[in-house]
Amino acid sequence: MLQALLAERFKLEIRREKKEYSIYALVVGNGGPKLKPAEIKSDNQPLMALGPDGKPRPAMMYAMMPSGVGLTAPSATLASLVGLMSRFTAWPVVDMTGIEGQYEFKLSFAPETNAGLTTGGVPGPDGAATSFEPAPSLADAVKQYGLRLEARKAPIEMFVVTHIEKAPTEN
């Protein structure tokens, strides 16, 4: 619907194109996956949010802590988890595990990119800066679930804007 509106008002023309990029592939580790299935009870429905595909999915939360990122997902697919993890990595994370289903995740890791994130010590009660033990890398954090990250090159589908008008048409 949004794409049709942009095409009508701005004469937007796009095409899909695959291009080879550096990525992090999330794969199953040598010992196999160690995933805890999500507990979904009929009397305790999870908080829902819209996923990147526009469909509802259980909410995932993240918090910026002095030591890094804390990510909590009480009920998430690996595909939706990698979408959130990609916000904190230099390259996109792509699920290549082939594992389906909803699982429970709790990760703490140091972000690779700090764009727009505050860093540094937090003042303690006496006003002096406190120091924190740095969080592990994302590659180390996913190992607790029997998963690993591998740097690879892979084709990524993207949208290429071939034409757009600067001003929209009148209502």
Side-chain angles (χ1 to χ4, degrees), residues 1-3 6-7 12-38 46-120 132-164:
M1 194 165 111
L2 179 60
Q3 188 176 343
L6 291 172
L12 174 69
E13 295 175 14
I14 60 171
R15 71 173 190 271
R16 291 175 188 250
E17 185 176 285
K18 285 195 176 194
K19 196 169 183 182
E20 188 134 319
Y21 276 99
S22 296
I23 64 155
Y24 290 121
L26 183 68
V27 297
V28 176
N30 294 336
K34 299 172 186 144
L35 302 173
K36 180 181 177 189
L47 182 64
M48 300 300 278
L50 286 181
D53 58 0
K55 296 178 183 173
R57 61 160 173 76
M60 296 184 293
M61 295 145 285
Y62 70 90
M64 296 310 301
M65 302 177 293
S67 61
V69 177
L71 190 151
T72 304
S75 178
T77 63
L78 286 166
S80 59
L81 182 70
V82 298
L84 186 55
M85 290 189 308
S86 290
R87 294 180 182 191
F88 306 103
T89 57
W91 300 335
V93 182
V94 178
D95 176 24
M96 295 188 169
T97 62
I99 299 172
E100 300 292 325
Q102 302 276 331
Y103 301 95
E104 188 177 306
F105 297 97
K106 190 168 183 119
L107 296 167
S108 292
F109 58 92
E112 286 185 1
T113 60
N114 287 336
L117 304 176
T118 58
T119 59
F132 293 92
E133 189 69 29
S137 69
L138 180 56
D140 289 335
V142 297
K143 287 179 182 176
Q144 67 181 308
Y145 297 107
L147 305 172
R148 71 176 198 270
L149 286 179
E150 293 180 352
R152 294 184 182 178
K153 294 260 186 195
I156 301 288
E157 186 175 63
M158 56 184 38
F159 291 107
V160 177
V161 176
T162 56
H163 178 80
I164 190 166

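All residue numbers refer to positions in the sequence shown, counting from 1.
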Only residue of Leu147, Asp95, Leu71, Val93 satisfying side-chain contact (heavy atoms from CB on, under 4.5 Å) with Leu81 is Leu71
Show the nearest heavy-atom pair for residues Ser108 and Ala141, with the distance to one decimal.
O-CB, 3.6 Å
Can you give me the closest heavy-atom contact between Ala139 and Val142, atom names plus distance?
O-CG2, 3.4 Å
Rounded distance (nearest 0.5 Å) linking atom CZ of Phe159 with atom CD of Gln3
6.0 Å
Residues Thr89, Ser86; criterion side-chain hydrogen bond (donor to acceptor under 3.5 Å, both in side chains); working and verdict:
CA-CA 5 Å; Thr89 57; Ser86 290; 4.6 Å; no
Regarding Lys106 and Glu104, does a basic nitrogen lie under 4.0 Å from an acidic carboxylate oxygen?
no
Atom pair CD/NZ of Glu157 and Lys18 - distance to nearest 0.5 Å:
6.0 Å
Looking at Arg15 and Glu17, does any basic side-chain N land under 4.0 Å from a carboxylate oxygen?
yes
Where Gly68 and Ala135 come nearest, the two heavy atoms and their spacing
CA-CB, 4.4 Å
Rounded distance [0.5 Å steps], CD in Gln144 versus CG in Leu35
10.0 Å
Do Glu13 and Ile164 come close enough that some side-chain heavy atom pair is under 4.5 Å?
no
Any chance you could measure Lys143, atom NZ, to Lys34, atom NZ, to the nearest 0.5 Å?
11.0 Å
Measure the spacing between CD1 of Ile156 and NZ of Lys19 and express it to the nearest 0.5 Å.
12.0 Å
Find the distance between CG (Leu84) and CZ (Phe105) and round it off to the nearest 0.5 Å.
11.5 Å
Tyr145/Tyr103 aromatic ring centres below 6.0 Å:
no
Extract all donor-acceptor atom pairs below 3.5 Å that involve side chains of residues 22-30 and protein atoms in other chains or at least two apart in sequence.
unit_1, atom_1, unit_2, atom_2, d
Ser22, OG, Lys153, NZ, 3.4
Tyr24, OH, Glu112, OE1, 3.1
Tyr24, OH, Glu112, OE2, 2.8

